[in-house]
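In this chain, residues are counted from 1 in sequence order. Keep in mind that what you see is a predicted model, and the values were worked out from it rather than measured.
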Amino acid sequence: MGSDVHVISNKKITLKDGTTAYKTRIHWLFQGSFPLKILAVSAFRDGKWVFLTAHPWKNPNEVAPIVESLTFTQ
């Protein structure tokens with residue numbers, strides 16, 4: 001479904017609850033012609049991989065607070 005995939009960045013961050021996570025930006029072409037941007041935050045916790053993604057049309061920084069809001073409860 002996609003082509004011309006580029007990982008723009010993959011940075012270690014700390015979520016508000018203290019969990020280590022990674023914030024990743026990916027740019028790619030959907031069906032070879034429609035440019036998409038993905039901003040994802042992912043974390044491993046209790047043997048599970050959890051992630052949130054957003055697909056902003058313009059500025060990924062506008063949606064960063066949404067995906068960075070991932071938190072875990074005890």
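Taken to the nearest 0.5 Å, the OG1 atom of Thr14 stands 12.0 Å off from the NZ atom of Lys23. With rounding to the nearest 0.5 angstrom, the NE2 atom of His6 is 10.0 Å from the NE2 atom of His27. One distance of note links CG of Leu29 with CG of Asp4; it measures 5.0 Å at 0.5 Å rounding. Expressed to the nearest 0.5 Å, how far CD of Glu68 lies from NZ of Lys16 amounts to 8.5 Å.
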* Asked: Could you walk me through whether Asp17 and Arg45 pass the side-chain contact (heavy atoms from CB on, under 4.5 Å) check?
  -> CA-CA 12 Å; Asp17 67 357; Arg45 180 95 178 237; 3.7 Å; yes

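Hydrophobic clustering (side-chain heavy atoms under 4.5 Å, transitive across Ile, Leu, Val, Met, Phe, Trp, Tyr) groups Leu39 together with Val41. Note on Val63: it clusters hydrophobically with Val50, by side-chain heavy-atom contacts below 4.5 Å among ILVMFWY residues. Taking hydrophobic clusters as Ile, Leu, Val, Met, Phe, Trp and Tyr residues chained together by side-chain heavy-atom distances below 4.5 Å, Phe44 does not share a cluster with Phe72. Transitive grouping of hydrophobic side chains (ILVMFWY, heavy atoms separated by less than 4.5 Å) keeps Trp28 and Ile8 in distinct clusters. In the hydrophobic cluster analysis, where Ile, Leu, Val, Met, Phe, Trp and Tyr join through side-chain heavy atoms closer than 4.5 angstrom, Trp49 is grouped apart from Leu15.
For the side chain to side chain contact (heavy atoms under 4.5 Å, CB included) test, residues two or more places apart in sequence or in another chain that qualify with Thr53 are Ile38, Ala40, Phe51, His55.
Considering every non-hydrogen atom in both Leu52 and Val67, the closest pair reads CD1-O, 3.6 Å.
Side-chain contacts under 4.5 Å among hydrophobic residues (ILVMFWY), followed directly or transitively, place Tyr22 with no other residue at all.
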